[in-house]
Trainee: 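Once you've had a glance at the structure underneath, I'll fire off some questions.
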Protein chains: 2
Amino acid sequence: MARHITPKGENSRQQIIQAAYSLFLKKGYHATSIRDISERCGLTIGGVYTHFPGKESIFTAVLDEYNPLLKVMPVMLEAQGDTLDALLHDMARRMVSGLGLQRDTLNLIFIEVVEFEGRHFEDLFPKVFPLLIEGIERITRQEQAIRQIPLPVLGRSFFGLFFSYFMTHIILARKLPFDDTTLDAFVDIYLYGILERQDIPSGNGGSPDMNG
Amino acid sequence: MARHITPKGENSRQQIIQAAYSLFLKKGYHATSIRDISERCGLTIGGVYTHFPGKESIFTAVLDEYNPLLKVMPVMLEAQGDTLDALLHDMARRMVSGLGLQRDTLNLIFIEVVEFEGRHFEDLFPKVFPLLIEGIERITRQEQAIRQIPLPVLGRSFFGLFFSYFMTHIILARKLPFDDTTLDAFVDIYLYGILERQDIPSGNGGSPDMNG
DNA sequence: CCTACCGATCGGTAGG
DNA sequence: CCTACCGATCGGTAGG
């Protein structure tokens, strides 16, 4: 049953995945034809079908390789920081540097939602969930006191910060200019939002306004 | 130049839009055929083309009528509240009740991003932007002191809260159970995140943990 | 991995 | 002469 993969065959497979990836990002799944993919990777249609049993299996292969959620979590978990403040900012920076800020960064997720009704999230969940848990643990392990927020909600809101930043970038950034301090400002708002009052750092994010 | 629209014709047009909307939500744009749409609304293909010059114009008509961003903003702007706390929670509640919590709530936006490369956002922006500005003004007009956050960033993060909540709902809610206090917890985190320390309300969102 | 095709269906339009 | 639509079919392309 073990499939013997020749170097040449594996190379073709990778080229198909790469070609499909760039086409899916640009046009979505249904608007991308097998002919588009085969032309871009230099194979014939028949050649493509020696590596994949169907069009959807090409998409799942692309998803395995390029899913932004799978790509970004390990990079984020390498973040360093002695305080929660430093840790969250480093996580955010790694998130953006790991994904880039192109408009199509999240497109594979959108394709999955719109063109597959989220069918493949079932497979994705067990891969992403442990990484998300580890991220939450990194956060709650810090010394600064976090407000009483149910752990699932804390995790979900932390995860949501990712979408908040990227979605508003996709929709707003072509019309409104945002400089590169915006990400840090987003993180500051979240940080202030989850910390107990007495543990809010004073060195960051603007001076307090004392006139009530 | 003024087009005279008969009741019957306008009715057919609305039925096409409605049929297309439900099909686009389920399968996306390219996977939905004119035939699918015409069958669902009870017209022939030719009949559909008396109302629209092409398939894409059906999509833009659907977008005008059902765009979640356009639908939700006016509902949110009716929010009431004497404090920022009360105002934001009412805004959030109206947001969810105005859109519902189906998995496909944001699908029109995703279709736009993935299948049209965001082309139609250009037309959407002038419609949504003033409403977003008004929302920000409602927030900053309150008495409670908001931290020194650049106004565009405040607006973007407020807008982002919307995506944070819905995207994480789409991805997580089928696997993890979240009760209906989650939305309020999200708003609380944001509220704590933008308020000055001395103006943080103490009656809401968990008691302070005083042991440092 | 290619050439040569299949059943079916695509978006769009003809005359009436 | 208008609108709203019909049955039939156009040239091309889809996944396989």
Side-chain angles (χ1 to χ4, degrees), chain A residues 3-63 111-112 114-117 119-120, chain B residues 1-63 111-112 114-117 119-120:
Chain A
R3 199 161 139 249
H4 186 247
I5 295 175
T6 65
K8 193 179 172 189
E10 184 53 28
N11 186 37
S12 293
R13 195 189 135 90
Q14 282 304 319
Q15 285 182 312
I16 293 167
I17 291 176
Q18 220 173 73
Y21 174 57
S22 63
L23 289 165
F24 289 158
L25 280 199
K26 201 190 287 175
K27 309 198 288 178
Y29 175 78
H30 282 97
T32 298
S33 67
I34 296 284
R35 281 167 179 75
D36 291 336
I37 296 170
S38 69
E39 281 168 20
R40 177 176 261 260
C41 70
L43 297 180
T44 60
I45 298 170
V48 170
Y49 276 97
T50 57
H51 295 280
F52 296 95
K55 193 184 176 190
E56 182 164 338
S57 75
I58 299 180
F59 180 74
T60 57
V62 168
L63 213 52
I111 291 173
E112 172 55 27
V114 171
E115 305 197 72
F116 293 96
E117 301 181 74
R119 262 186 269 139
H120 305 110
Chain B
M1 246 355 189
R3 199 159 140 251
H4 186 248
I5 295 175
T6 65
K8 191 178 174 190
E10 183 54 28
N11 186 36
S12 292
R13 194 188 135 90
Q14 283 303 320
Q15 284 182 312
I16 293 168
I17 291 175
Q18 219 173 73
Y21 175 58
S22 65
L23 289 165
F24 289 158
L25 280 198
K26 202 191 286 176
K27 310 196 290 178
Y29 176 78
H30 282 97
T32 299
S33 67
I34 297 283
R35 280 164 181 78
D36 292 335
I37 296 170
S38 68
E39 280 168 20
R40 179 175 261 260
C41 69
L43 297 181
T44 60
I45 298 170
V48 170
Y49 276 99
T50 57
H51 295 278
F52 296 95
K55 192 184 175 189
E56 183 164 338
S57 75
I58 300 179
F59 180 73
T60 58
V62 168
L63 214 50
I111 291 173
E112 172 55 27
V114 171
E115 305 197 73
F116 294 97
E117 301 181 73
R119 262 187 269 138
H120 306 111

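Order of the sequence lines fixes the chain letters, A, B, ..., with proteins taken first and strands second; residue numbering starts at 1 for each chain. Owing to the predicted nature of the structure, the values given are computational and were not obtained by experimental measurement.
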Trainee: Let me know the distance between NZ of Lys55(B) and C1' of dT13(C), rounded to the nearest Å.
Mentor: 17 Å
Trainee: Quick one: does Ile111(A)'s side chain get under 4.5 Å of Leu63(A)'s, heavy atoms only?
Mentor: no
Trainee: Walk me through whether Glu56(A) and His120(A) qualify under side-chain hydrogen bond (donor to acceptor under 3.5 Å, both in side chains).
Mentor: CA-CA 11 Å; Glu56(A) 182 164 338; His120(A) 305 110; 3.0 Å; yes
Trainee: Reckon Thr32(B) touches a base, only the sugar-phosphate, or nothing at all at heavy-atom distances under 4.0 Å?
Mentor: sugar-phosphate
Trainee: Does OP1 or OP2 of dC1(C) have a side-chain N or O of His51(A) closer than 4.0 Å?
Mentor: yes
Trainee: Take the protein atom CZ of Arg13(B) and the nucleotide atom P of dT3(D), then report the distance between them rounded to whole Å.
Mentor: 15 Å
Trainee: Rounded to the Å, how far apart are Asn11(B) CG and dC5(D) C1'?
Mentor: 14 Å
Trainee: For dG16(D) versus dA4(C), give the span between their C1' atoms, rounded off to a whole number of Å.
Mentor: 13 Å
Trainee: When the distance from CD of Glu39(B) to P of dG11(C) is rounded to whole Å, what number comes out?
Mentor: 12 Å
Trainee: Any side-chain N or O of Tyr49(B) below 4.0 angstrom from OP1/OP2 of dT13(C)?
Mentor: no
Trainee: Taking the P atom in each of dG12(D) and dA8(C), what is the distance between them to the nearest angstrom?
Mentor: 22 Å
Trainee: Let me spell it out: for each of Leu43(A) and Arg35(A), pick the nucleotide of DNA chain C with the closest heavy atom. Which residue's pick is nearer the 5' end?
Mentor: Leu43(A)
Trainee: To the nearest Å, how far apart are Glu115(B) CD and dG11(C) P?
Mentor: 12 Å
Trainee: Rounded to the nearest angstrom, tell me the gap between atom CD1 in Ile45(A) and atom P in dT13(D).
Mentor: 12 Å
Trainee: Pick the C1' atom in dG15(C) and in dC5(D), then give their distance to the nearest Å.
Mentor: 13 Å
Trainee: Please state how far atom CD1 in Ile34(A) lies from atom P in dT13(D), giving the value in whole angstrom units.
Mentor: 16 Å
Trainee: Measure from NE2 on His30(A) to C1' on dT13(D) and round the result to the nearest Å.
Mentor: 15 Å
Trainee: Between dT13(C), dG11(C), dC5(D), spot the one nearest the side chain of Thr50(B), thanks.
Mentor: dC5(D)
Trainee: So, does Glu115(B) use its side chain to make a donor-acceptor pair with the main chain of Ala31(A) at under 3.5 Å?
Mentor: no
Trainee: Is there a donor-acceptor contact under 3.5 Å from the side chain of Glu112(B) to the main chain of Arg119(B)?
Mentor: yes
Trainee: Between dT3(C) and Thr44(A), is there an OP1 or OP2 to side-chain N/O distance shorter than 4.0 Å?
Mentor: no
Trainee: With a cut-off of less than 4.0 Å, is there a side-chain N or O of Ser12(B) near OP1 or OP2 of dC5(D)?
Mentor: yes
Trainee: Looking at every non-hydrogen atom in both residues, tell me the closest pair between Ser22(A) and Arg40(A) and how far apart they are.
Mentor: OG-NH1, 3.1 Å
